[in-house]
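Everything below concerns the one structure shown next.
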Amino acid sequence: MELKNYELIITEKPSVSLRIAESLADGKVRAHKHGKVTYFEIEHKNKKIIIAPAVGHVFTLKHRVGKKGYPIFEVRWLPTYEASKSAAFAKQYVDTLKFLAKHASSYISACDYDIEGELIGYNILKFICGDDTVKKARRMKFSALTKEELTNSYEHALPHLDFNLADSGISRHILDWYWGMNTSRALSHAYKTATSSYLTLSAGRVQTPTLKVLYDREQEIKNFKALPFWVITALIKTKEQDVLSLHEKEKFFNKAEAEKVFENCKGKDALVTSVVKRRTEQTPPTPFNLSDLQQEAYSLFKYVPKLTQAIAQSLYEKGLISYPRTGSQKLTGVDPKHILQKLAENPLYSSKAKKLLLEKELVANEGTKTDPAHPCIYPTGEKSEKLEGLDARLYDLIVKRFFATFGKSAIRETQTVNFNIGHETFFAKGSLTIEKNWHTLYEPYVKLKDEELPPLKEGKSYKVKNLSIDQKETQPPQRYNAASVIRKMEELGIGTKATRAQTLQTLYDRGYVSGINQLHVTSFGATIVETLEEYVPELTSEQLTRNFEDEIEKIQSGELKKEVVIKEAEETLTKIMLEFKEKEEKIGERLKKSYYKSRQEQAIIGTCPNCGSNLIIRVSRASGKQFIGCSSYPKCKTGFPLPQAALIMRTVKTCEHDKLPIIQVIRKGRRRFEMCISPTCPSKKDWGNKKTKKEATS
DNA sequence: GCAAGGTC
């Protein structure tokens with residue numbers, strides 16, 4: 001069959017190609033393969049249309065080959081598979097688009113309608129379809145993958161791309177590249193001048209402010225001065241149970257005052273002065289976007305955000321859930337009834353789905369956040385082979401969350417009882433769920449606890465079983481964990497939903513941070529922050545992102561030309577890099593010292609599976625051997641042997657099998673490998689003895 | 001080799 005004279009619709013990713021084909025096809029959707037890539041052929045109003053996907057960015061910026069040192073500003077666009085081996089899969093997509101572009105008579109970009117999507121389409125047209133197609137191509141603009149929206153966006157396709165938007169995308173890429181590459185190279189170069197050996201160091205518009213956030217918290221904790229305070233509690237005896245009440249002042253920072261109050265209350269009975277009951281409505285949760293899912297999976301299952309993202313991606317590829325890299329908390333364009341009907345066929349979910357289907361109206365408690373291209377994360381209701389382990393748990397959470405958003409508000413009752421003990425006021429609080437409603441749909445993931453108070457009568461006196469005064473002290477602020485730092489990045493508006501988990505990984509990889517439950521900045525990470533604050537302070541604050549956004553907005557509106565912005569960045573950085581270079585020796589010494597020290601520190605390897613404290617490298621007093629053990633030893637005796645290890649470099653990732661850390665170890669003779677710390681992990685052989693490139697060739 | 005951003 002000869003394919004000629006068709007319209008070529010280019011999408012950002014494979015799943016969208018199919019949706020567009022299904023929406024526009026008057027008759028059958030024909031799927032074809034070119035290599036491994038599927039594209040679709042349809043007829044729409046007697047017109048032949050081919051729909052073919054990209055895989056996100058298939059072009060990336062690359063400096064001129066062999067160019068060493070810094071500063072560097074000469075960049076050009078190159079196919080991702082030429083720039084990096086890890087992007088080899090992208091070649092097939094590029095080849096397919098090249099093949100299809102040859103005989104196309106017209107072109108439409110149907111990439112996501114955002115800055116990156118505009119650029120993905122623009123680059124494909126320019127470098128694959130031919131320069132002349134850039135001006136001719138039309139643009140489909142849609143904000144949901146529904147038939148109606150997609151058909152409408154095709155019928156009313158914009159006559160051309162938004163060139164200003166594409167320009168702002170180009171600028172974003174170049175500015176990030178300039179700042180990131182130059183600063184990273186400068187750091188590595190400085191290290192090399194001091195040690196004559198190469199070490200990958202990095203800095204960037206997103207990773208450095210993130211590191212700074214962790215660093216600042218580290219400083220807060222370091223500078224924290226604990227204050228002692230006293231609390232007075234009274235255990236009140238009733239027929240049913242004892243009630244613990246607290247003095248209304250809660251914290252006494254003055255010891256004498258606390259002791260006086262304590263004396264006043266001693267030996268006195270507790271008179272109930274008031275019983276106040278309040279009912280509150282608790283609205284159901286909002287649908288998941290990626291960040292919400294990452295937070296919840298961490299808090300319920302301790303899945304790190306990167307793991308959650310990987311599992312969600314695989315569930316999406318199996319057709320079980322919708323597109324996971326979304327910021328939306330809305331069910332735009334989703335037909336919940338249809339999904340519930342499909343879920344009702346699954347014995348695991350049948351009863352809950354059927355219960356919801358009985359409702360007259362299905363109204364979801366949608367959140368306010370939206371996404372330019374996708375609705376929230378929801379189950380498709382499709383059947384699959386039996387899910388197990390990590391996948392099954394996450395899928396179950398997504399299904400139950402979907403159910404819960406349609407539930408009625410739960411009703412909670414809180415009770416506050418005030419007591420008079422020797423003319424001092426004490427109080428006790430209880431809370432109780434009166435009507436579960438959405439809680440039953442979300443079980444077992446509801447985190448609320450019921451604490452019921454026994455019936456206490458106003459005006460009645462009760463015996464005080466025990467009155468106590470305890471000294472406590474104020475606590476320093478909590479360290480961030482792997483999930484909360486992602487939320488913080490979201491708050492600061494740095495990174496994107498799809499990249500934040502990866503950014504944290506980069507900070508681990510560089511040895512800047514360690515720990516999962518409690519993220520510590522290593523002394524080396526601290527040196528990086530301090531060095532950059534001195535020489536490239538712009539890069540340590542999220543303000544750089546704000547400046548980018550302002551400039552990019554102006555390019556979008558046509559107020560500014562991208563060339564001006566790029567030139568300006570070049571000038572600024574040239575100056576900064578020259579100053580850096582002058583101090584290179586000094587900076588190198590500082591980095592060297594700090595790096596060596598950091599390696600010898602008691603590295604935090606991960607989180608103790610038993611008690612949640614840090615796992616650190618310990619030396620056994622008995623045998624003198626190194627092993628990984630819990631930092632709260634001897635309270636917790638968790639430990640893992642470490643055979644023949646010489647130097648533990650860092651935690652690489654978390655083992656998917658038992659969620660223990662996988663660490664990178666260098667043995668004597670510079671043999672470097674990764675291993676799961678669990679001696680019984682069955683996946684151990686997968687990590688062991690991974691040789692470095694150098695070794696493999698020697 | 002280093003960024004950040006797409007997607008697998």
Side-chain angles (χ1 to χ4, degrees), chain A residues 11-17 36-38 53-63 65-72 75 79-81 83-94 111-112 114-124 168-192 197-210 290 309-310 312-314 316-318 323-326 372-374 489 494-507 509-510 528 536 539 544-545 548 552 569 573 693:
Chain A
T11 71
E12 184 160 321
K13 49 190 158 267
S15 62
V16 176
S17 280
K36 280 185 186 164
V37 177
T38 307
V55 266
H57 280 294
V58 288
F59 292 89
T60 189
L61 292 174
K62 180 101 179 162
H63 61 88
V65 185
K67 179 92 176 152
K68 286 195 173 166
Y70 70 98
I72 40 165
V75 287
T80 51
Y81 60 85
S84 153
K85 277 180 199 151
S86 63
F89 65 89
K91 184 164 193 310
Q92 312 196 35
Y93 289 85
V94 171
C111 297
D112 294 355
D114 52 28
I115 181 170
E116 300 298 331
E118 196 67 14
L119 181 57
I120 289 169
Y122 175 89
N123 276 342
I124 287 171
S168 58
I170 293 170
S171 311
R172 204 279 305 148
H173 273 252
I174 292 182
L175 293 186
D176 271 335
W177 198 95
Y178 278 6
W179 281 92
M181 286 297 187
N182 283 302
T183 313
S184 299
R185 280 181 168 211
L187 288 170
S188 286
H189 210 268
Y191 180 84
K192 196 168 184 180
S197 65
Y198 174 79
L199 177 67
T200 299
L201 297 176
S202 68
R205 175 180 57 86
V206 178
Q207 63 170 267
T208 305
T210 305
L290 179 62
Q309 197 168 330
Q313 175 66 22
S314 86
Y316 162 66
E317 281 164 23
K318 289 188 178 111
Y323 185 75
R325 281 181 292 265
T326 174
H374 301 280
M489 292 170 79
I494 54 177
T496 71
K497 54 204 175 274
T499 58
R500 289 186 188 114
Q502 184 53 49
T503 300
L504 178 60
Q505 185 61 45
T506 303
L507 297 178
D509 291 350
R510 303 280 176 264
I528 293 288
V536 200
L539 207 52
L544 189 63
T545 296
F548 275 29
I552 275 161
L573 269 160
K693 235 197 275 169

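Residue numbering restarts at 1 for every chain, and letters A, B, ... go by the order of the sequence lines.
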Between B/dA4 (P) and A/Leu539 (CG): distance, integer Å: 8 Å
Nucleotide of B/dT7, B/dG1, B/dG5 approaching A/Arg172 most closely (side-chain heavy atoms): B/dG5
Whole-Å distance separating the OH atom of A/Tyr70 from the C1' atom of B/dG1: 15 Å
Check: A/Leu201 main-chain N/O paired with A/Arg510 side-chain donor or acceptor under 3.5 Å: no
Closest to the A/Tyr323 side chain, choosing from B/dG1, B/dA3, B/dG6: B/dG6
A/Arg500 CZ to B/dG5 P, straight-line distance once rounded to whole Å: 8 Å
Main-chain N/O of A/Ala498 paired to A/Gln309 side chain as donor or acceptor, under 3.5 Å: yes
Side-chain donor/acceptor contact of A/His63 with base of B/dC2 under 3.5 Å: yes
Given DNA chain B, 5'-ward residue of the pair A/Ser86 and A/His173, judged by closest heavy atom: A/His173
Nucleotide B/dG6, atom P - distance to NE2 of A/His57 in whole Å: 7 Å
Any A/Pro79 side-chain heavy atom under 4.5 Å of A/Lys91 side chain: no
Nearest-angstrom distance from the residue atom CG of A/Asn123 to P of B/dT7: 15 Å
Exam field: side chain A/Thr11 to backbone A/Cys111, donor-acceptor pair closer than 3.5 Å: no
Contact under 4.0 Å: A/Thr200 side-chain N or O vs B/dC2 OP1/OP2: yes
Pairwise side-chain contact, A/Ile72 with A/Trp177, heavy-atom cut-off 4.5 Å (strictly under): yes
N/O (side chain, A/Gln502) to phosphate O (OP1/OP2, B/dG5) under 4.0 Å: no
Sugar-phosphate, base or nothing in reach of A/Tyr198, heavy atoms under 4.0 Å: base
Sugar-phosphate, base or nothing in reach of A/Asn182, heavy atoms under 4.0 Å: nothing
Any A/Thr496 side-chain N or O less than 4.0 Å from OP1/OP2 of B/dA4: no
Touch class at under 4.0 angstrom, heavy-atom based, for A/Gly495 against every strand present: sugar-phosphate
base_contact_polar (B/dG1 base, A/Arg185 side chain, donor-acceptor, <3.5 Å): yes
Distance test, side-chain N/O of A/Tyr316 to OP1/OP2 of B/dT7, below 4.0 Å: no
N/O (side chain, A/Arg510) to phosphate O (OP1/OP2, B/dA3) under 4.0 Å: yes
Nearest-Å distance for atom pair CZ/C1', residues A/Phe548 and B/dG5: 13 Å
Selection from B/dC2, B/dG5, B/dG1 that lies nearest to any side-chain heavy atom of A/Ser184: B/dC2
Separation of B/dG5 C1' from A/Leu61 CG (nearest whole Å): 11 Å
Touch class at under 4.0 angstrom, heavy-atom based, for A/Leu119 against every strand present: nothing
Identified salt bridge (Lys or Arg N to Asp or Glu O under 4.0 Å) counterpart of A/Glu116 within the set A/Arg325, A/Arg172, A/Lys13: A/Arg172
side-chain N/O A/Ser202 vs B/dA3 OP1/OP2, d < 4.0 Å: yes
Greater than 12 external heavy atoms within 6.0 Å of A/Lys318's NZ: yes
Residue-phosphate contact under 4.0 Å: A/Thr499 side-chain N/O, B/dG5 OP1/OP2: yes
Sugar-phosphate, base or nothing in reach of A/Thr60, heavy atoms under 4.0 Å: base
Sugar-phosphate only, base, or nothing, as touched by A/Ala90 at under 4.0 Å among non-hydrogen atoms: nothing
Any A/Arg325 side-chain nitrogen or oxygen under 4.0 Å from OP1 or OP2 of B/dT7: yes
Rounded distance in Å - NZ (A/Lys62) to P (B/dA4): 17 Å
Given B/dG6, B/dT7, B/dA4, the nucleotide with the shortest approach to the side chain of A/Arg205: B/dA4
